[in-house]
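A short worksheet on the structure shown next.
Source: prediction; values computed, not measured. Computed from heavy atoms alone, side chains included, the values below leave out hydrogens, waters and symmetry copies. Convention: sequence-line order gives letters A, B, ...; per-chain numbering from 1.
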Amino acid sequence: MNFYRSQILICGGTGCQSSGSIELVNTLKKEFKKHGIENEIEIVVTGCFGLCELGPVVIVYPEGVFYSRVEVKDIPELVEEQFVKGRILKRLVYHESMDEDKVRSLTDVEFFKKQRRVALRNCGVINPECIDEYLAFDGYKALEKILFEMTPDDVIQIMKEAGLRGRGGAGFPVFMKWQFAKNAIGDEKYVVCNADEGDPGAFMDRSILEGDPHSVIEAMAIAGFAIGSNQGYIYVRAEYPIAVKRLCIAINQAKEYGILGKNIFGTDFSFDLDIRLGAGAFVCGEETALLNSVEGKRGTPRPKPPFPANKGLFAKPTILNNVETFANIPIIILKGPEWFAEIGTEKSHGTKVFALGGKTNNTGLVEIPMGTTLREIVYDIGGGIPNGKKFKAAQTGGPSGGCIPAEHLDTPIDYDSLQQIGSIMGSGGLIIMDEDNCMVDIARFFMDFIVDESCGKCTPCRVGTKRMLEMLERITQGKGEEGDIERLEHLAYEIRDASLCGLGQTAPNPVLSTIRYFRDEYEAHIRDKKCPAGVCQALLSYVILKDKCKACGICAKKCPVNCISGKPKTPYEIDQDQCIKCGTCMEACPFGAIIKA
Amino acid sequence: MSQAVKTELEENYQQLIEIIDKHKGERGALIPVLHEAQELFGYLPLEVQEVISDGLGVPLTEVYGVVTFYSQFSLTKKGEYKIDVCLGTACYVRGSQAILDRILKELDIGIGDTTEDGIFTVNATRCIGACGLAPVLMINGEAYGRLVEDDIPGIIEKYKS
C-alpha cells in the first residue's frame, strides 16, 4: 500500500461529471507529473458530496479544503499553490468554508450542518470502484457478524427494534416484509432491490449506487440470509450508466473476494446477485410491475393479493426494498437498533435522503434526521430562495405526492406528519417552488407525466387520468368552466379508489393537494382568466406602461407579427388580438416599459 | 424487407446470434437481449425481433409487446446525435420547456423526430438526475447544464460540422 502526503477527492457523481469532473482528473494527473509529485498525492474519484449546484466539487485532505466549481483552467494554479507551495487557493474555496484565514470544517458549512449522513455515510468519502476502501470503512463486517453470531430471526428482530421503514415511498416496515417472506413456503426465494428511481427530480438512489454500491450489495446478502434466499436481483434504470457500471464493478469485486457466491466466509450460506436493466417505464417502480419486468415481460402491475412476499418473482416468495432502505441496513446491524431508533422522531426512525431541487440557492443531495422541518431544509440547508423571491410551495413524492404550502413550513418531515397535510414522504424528490411557479401548471405537468406513463392495464388510470389532463389543459388555456374544480375532485377520488396499482391510486394527489392549498389560483384561471404567476401563456397579456414608454419603436420593429404600433412622442400600444405572446417585445424594450399582466 | 434493413441484418447477424446464445436459458432473458440488440443496430426493426423470437423461443407477439411497452426501445432508426432535453420536475420549474421549444424551432422538427439529414433526433426525457444543473440537456450522453435559451444555437452548431 502506498502512503500519500495529501489526498484530493473529486466528485465523480453524475452531476459533477456533467460539470466536467473527469477532465479535471486527467488534467490533475498531467500537472502532478509535471511537478514530479504524482507519487505523493492520491487522486480519489468519489461518489456524490451532495452539493451538485457547486460542481465539480473538490476536497483536499488533510486540510479539508472545499473547492467549488473548479474548472480545467484552474488546475495548474491549484496544483502550484495547494500542492507545491502548500498554500490554500482562496479564490476557488467555497465561500462558506473559510472563516477569515482559517479553513472551517466541512461539518460547519451551513449546507452540511443540519445534515446527518447515515445512508450516505460513504458517499463522497470512499472510491466506490475499490472494495478495499469499503472494507476499510467497516464494509462487509455486518454480513460477517450476522453469519457468525445470529440467526435469521435475530436479524429480523433487529429490523423490528430499529423500526426501519421502507424509503421508497410508502414507508412499510422492513421487518414485516422480511417476516412474511421468511414464513412463506417456497423452494426458492428472492431478494430484489428496486433501483428504478423514476420520480422526476429524484436522484437519491442513483447517488448511493454511484457512491457506495457495496453497502447495497452487503445489505441484500443480509436480507437473503434473513429470509432464506440465495439469489438477488438489482433492477436499475438504464438511464443511470455510471451507477450501472459501478454496480457491475462492485459485484465482480465482491465475487472475487468470496463475499458473493457459494459458501460466503466459509459458512453454508450462499448468495448471488444479478443486475437487470429497466427500459424506461415509470410504472416499473411499482413492485409487481417491476417483477414482471425482471421476468422479461411488459411491466404491468399484478393484482394484490397475492403479495410478493408469498408469490413474487417467478411466483416465488420475494422481498423488494429500495436502494436507500438497503443502504441503512449494514450500519444498523453494526451500531445496533437502539442507535438507529434514537435518530429521528418517535414513529419515524433514522434519516431520509432528499434530492433538493428547483428554486433554492443550494441544490443537491441532503440527508436529514426525520423530524427536521421543511423550513430548515429550505432556508438553512438550501440557503433560501434565489433572487429574493418568496417561497410558495414544496413538492414531495413526485407525481404520487403533493405540495406543502408556506403555512406548513414548520411541519416536521416524517411519514405521518406529511400524510396529515396531504402529501407523502415519497422516495425523496423535494422540489421547491417560488412565486413564479403556477400551481395549476404544476398539476398539469404531473398529470401529463402520468398520462404518458400509465401502463394502460386498468381503465380508471388509463382513461381517467387522460380526462383529468384535458380538464387541466382547458383551465390553463383559459377555457375553464365553472364546476371544473368539483369535476376534477370527483374524478380524482374515483381514480384513487378504483385503480389497480399504486401509480393510479396516487396519480390524482398532485391535483388534490394543489386544489386544497391553492384553490384561489384555480379560480383565478377559471373565473378571471388570469394566471397569477404569469406562467400560462394563453392567459398572459403584454402591456406597455404609458409613463415609461419613450416611443423609441424598438418593440414594434422586433415584434414578429407586427402587432405593435405607435407614433413618435406618444406611447406605443400592443394589439392584444394579434399578439402571439412571445415576449420578444418585453426583452427588447431598453426602458423596462413592457410588462406581463 | 427493405434492402437497407436486410444488409444491416446480414452484416450483424452473427453478433445477434451470439447475444441470443449468451442469454439463452436465463430466466427473463428477453429484455437484456433487446437492450444488447438495440445497442448493435441502433433500433429494433421487426426483422431483428423475428430473429430474437426464433432464438429465444418467445412468440413474436410477446417480443413486439415488450418492445413497444418500454420507451427505451425504438422501432425506427434514430439520428446520429440524440438530443435529450430533461423535462424532470427540477428542470421544468427552471424553464426547460423553453429550451426544448427553442431546439425544435432551430431544427424545425417535432418531439421524437429526426432531422432530414439524419443528424439529430430530439426527445424530451424524464429526469436524468442532474437536477443540480437544471435545466439540462444531453447529447449522446454528454450533458449540458445551467442552460439559457441562447446557448442552443451554439450547441447545435458544434455537432453539425
Open item on the list: Other residues, nucleotides and ligands only: do more than 12 of their heavy atoms fall within 6.0 Å of CG on Asp108(B)?
Closed with: no
So do the side chains of Ser19(A) and Leu133(B) get within less than 4.5 Å of each other, counting heavy atoms only?
yes
Worksheet entry | Polar side chain donor-acceptor pair, Ser18(A) to Tyr144(B), under 3.5 angstrom | no
Most heavy-atom pairs under 4.5 Å with chain B, out of Ala279(A), Gly280(A), Gly296(A), belong to Ala279(A)
So CG of Leu277(A) and CG of Leu34(B): to nearest 0.5 Å the spacing works out to 12.0 Å
Q) Asn292(A) versus Phe69(B): any side-chain heavy-atom pair under 4.5 Å? A) no
Applying a strict 4.5 Å limit to non-hydrogen atoms, the region of Gln38(B) in contact with chain A is neither
So, the part of Ser207(A) with a heavy atom under 4.5 Å from chain B: the answer is neither
Most contact-rich option vs chain B, by heavy-atom pairs under 4.5 angstrom, among Gly299(A), Gly358(A), Gly20(A), is Gly299(A)
Would you confirm whether His35(B), through its side chain, and Ala238(A), through its main-chain N or O, come within 3.5 Å as a donor-acceptor pair?
-> no
**Asked** Just wondering, more than 12 heavy atoms not from Glu188(A) lying within 6.0 Å of its CD?
**Response** yes
The reported gap from CG in Leu87(B) to CZ in Phe445(A) (rounded to nearest 0.5 angstrom) is 6.5 Å
Give a yes or no on whether the backbone of Val66(B) and the side-chain of Arg298(A) come within a donor-acceptor separation of less than 3.5 Å.
no
- Polar side-chain atom of Arg94(B) near backbone of Gly357(A) as donor-acceptor pair, under 3.5 Å: no
If one checks every heavy atom of Phe282(A) against chain B at 4.5 Å, the contacting part turns out to be neither
Minimal heavy-atom distance between Glu53(A) and Arg146(B), with the atoms involved, is O-NH2, 2.7 Å
Step by step, work out the side chain to side chain donor-acceptor pair (under 3.5 Å) result for Tyr92(B) and Asp441(A). CA-CA 11 Å; Tyr92(B) 186 77; Asp441(A) 182 58; 3.0 Å; yes
Check the pair Ile431(A) / Val93(B) against side-chain contact (heavy atoms from CB on, under 4.5 Å), numbers first and verdict last. CA-CA 9 Å; Ile431(A) 308 287; Val93(B) 301; 4.0 Å; yes
Most contact-rich option vs chain A, by heavy-atom pairs under 4.5 angstrom, among Ala134(B), Gly28(B), Pro32(B), Ala29(B), is Gly28(B)
Cut-off 4.5 Å, heavy atoms of chain B, and the answer for Val535(A) is neither
Q: Please check if atom NZ in Lys581(A) has more than 12 non-hydrogen atoms from other residues, nucleotides or ligands closer than 6.0 Å.
A: yes
Checklist entry - Does atom OH of Tyr64(B) have more than 12 heavy-atom neighbours from other groups under 6.0 Å away? => result no
So CG of Leu313(A) and CZ of Arg27(B): to nearest 0.5 Å the spacing works out to 7.0 Å
The interface call for Asp434(A) against chain B, heavy-atom contacts under 4.5 Å, is neither
One should read off an interatomic distance between Met138(B) CE and Glu239(A) CD, to the nearest 0.5 angstrom, of 10.0 Å
Note: Cys284(A) and Tyr70(B) closest approach over all heavy atoms is SG-CE2, 3.8 Å
Looking only at Met433(A), Lys359(A), Arg276(A), Gln17(A), the option with the highest number of non-hydrogen pairs under 4.5 Å against chain B is Arg276(A)
